[in-house]
Amino acid sequence: MLNIEGLTLHYGGSQILNGIELSAKLGEVTCVMGTNGVGKTSLMKAISGTHPRSAGRYVLDGETLGRAPAQVLARKGIGYVPQGRDVFPLLSVRENLETGFACLPRGDRFVPDEIFELFPILKDFLHRRGGDLSGGQQQQLAIARALVAKPKLLLLDEPTEGIQPNIIQQIGRVIERLRDKGDMAIVLVEQYFSFAYDLGDSFYVIERGAVKLSGRKGGIEREALLASVSV
């Protein structure tokens with residue numbers, strides 16, 4: 001679904017990413033790991049188009065793309081759940097979900113029942129403002145909003161950050177269910193090692209803006225992976 005070669009990214013005069021190569025397959029979770037400040041979120045912004053990459057080959061679902069902006073990539077099937085969630089605090093849960101309609105043809109602009117099967121609490125809180133939800137509920141809303149647009153590639157940036165354990169478990173089950181359907185590739189940025197390792201099919205460790213270590217679960221030792229992301 002996604003192939004990236006030689007991706008670089010700058011913020012002003014500073015180079016943040018240097019020659020990243022990464023692929024993500026349908027029906028799999030691709031984990032991007034590393035300590036704070038190594039460029040994981042910048043990579044997600046580059047993939048989603050929210051920050052234009054400086055160079056590199058970018059192939060999505062067989063189509064080679066230039067520096068397409070975020071709205072174009074969203075229409076091509078990229079769903080992005082950013083770190084911090086970015087829920088609209090003054091909009092209701094329903095209105096937050098409906099912001100995902102912008103990427104869809106008019107005939108597809110509805111919230112599928114599956115969204116409420118994955119996140120039952122949202123059905124009870126449809127009229128509650130996004131800013132009145134707990135952190136865990138906002139994270140569920142942010143993921144649900146991305147799924148409304150029926151993405152082929154789902155980007156999740158630190159979905160467990162600041163979330164209570166029972167919600168972390170639920171989000172893990174949702175990711176497993178989405179992966180097992182086989183019609184979506186998932187790229188997961190995550191510092192909670194056990195969560196990421198249990199879900200991941202392949203792993204990329206970022207250090208100083210470059211890939212330090214990569215491999216599939218069967219070909220990389222758990223201890224070596226853990227050591228590579230430990231401070």
Is atom CG of Asp124 surrounded by more than 12 heavy atoms (other residues, nucleotides or ligands) closer than 6.0 Å?
-> yes
Any chance NZ of Lys45 has more than 12 other-residue heavy atoms, nucleotides or ligands included, within less than 6.0 Å?
-> no
Hey, is the main chain of Val29 close enough, under 3.5 Å, to the side chain of Asp201 for a donor-acceptor pair?
-> yes
Name all pairs fulfilling the side chain to side chain donor-acceptor pair (under 3.5 Å) condition that reach into residues 162-176, sequence neighbours left out, sorted by first residue then second.
-> Gln140-Gln170
Nearest heavy-atom neighbours spanning Met184 and Leu147 | CE-CD2, 3.9 Å
Is the number of heavy atoms from other residues, nucleotides or ligands within 6.0 Å of CZ (Arg109) greater than 12?
-> yes
Determine which pairs satisfy salt bridge (charged side-chain N to carboxylate O under 4.0 Å, His left out) with at least one residue from residues 208-218, sequence neighbours left out, and list them in order.
-> Glu28-Arg216, Glu207-Lys212
Single-linkage hydrophobic cluster Phe116~Leu118, side-chain heavy atoms < 4.5 angstrom | yes
Test log, rule side-chain contact (heavy atoms from CB on, under 4.5 Å), inputs Gln139 and Val81 | CA-CA 9 Å; Gln139 186 65 70; Val81 183; 3.4 Å; yes
Given the rule in the side-chain contact (heavy atoms from CB on, under 4.5 Å) test, do Lys25 and Thr30 qualify, once you have shown the distances and angles that lead to the verdict?
-> CA-CA 8 Å; Lys25 299 180 180 181; Thr30 301; over 6 Å; no
Shortest non-hydrogen contact between Asn96 and Leu91, atoms and distance = ND2-O, 3.2 Å
Could you check whether the rings of Tyr11 and His51 sit parallel, tilted or perpendicular, using 30° and 60° as the cut-offs?
-> perpendicular
Of all heavy-atom pairs between Leu73 and Ile47, which one has the smallest distance, and what is that distance?
-> CD1-O, 3.5 Å
Leu188-Tyr204 co-clustered via ILVMFWY side chain contacts under 4.5 Å | no
What about Phe193 and Leu156, same hydrophobic cluster or not, with Ile/Leu/Val/Met/Phe/Trp/Tyr joined at side-chain heavy-atom distances under 4.5 Å?
-> no
Is a side-chain donor or acceptor of Asn18 paired with a backbone partner of Gly209 at a separation under 3.5 angstrom?
-> no
Looking at Leu122 and Gln137, what are the two nearest heavy atoms and their distance?
-> CD2-O, 4.2 Å
Among Lys123, Lys181, Lys150, find the residue that satisfies the salt bridge (Lys or Arg N to Asp or Glu O under 4.0 Å) test when tested with Glu114.
-> Lys181
If you take all heavy atoms of Gly79 and Pro151, which pair is closest and at what distance?
-> N-CB, 3.6 Å
For Gly19 and Thr8, the nearest pair of non-hydrogen atoms, with its separation, is N-CG2, 3.4 Å
Among the clusters formed by ILVMFWY side chains lying less than 4.5 Å apart, do Met1 and Val59 turn up in the same one?
-> no
Test item: Phe101 and Asp108 side chains (from C-beta on) under 4.5 Å apart, heavy atoms = no
Under a 4.5 Å cut-off applied to non-hydrogen side-chain atoms, are Leu213 and Phe203 in contact?
-> no
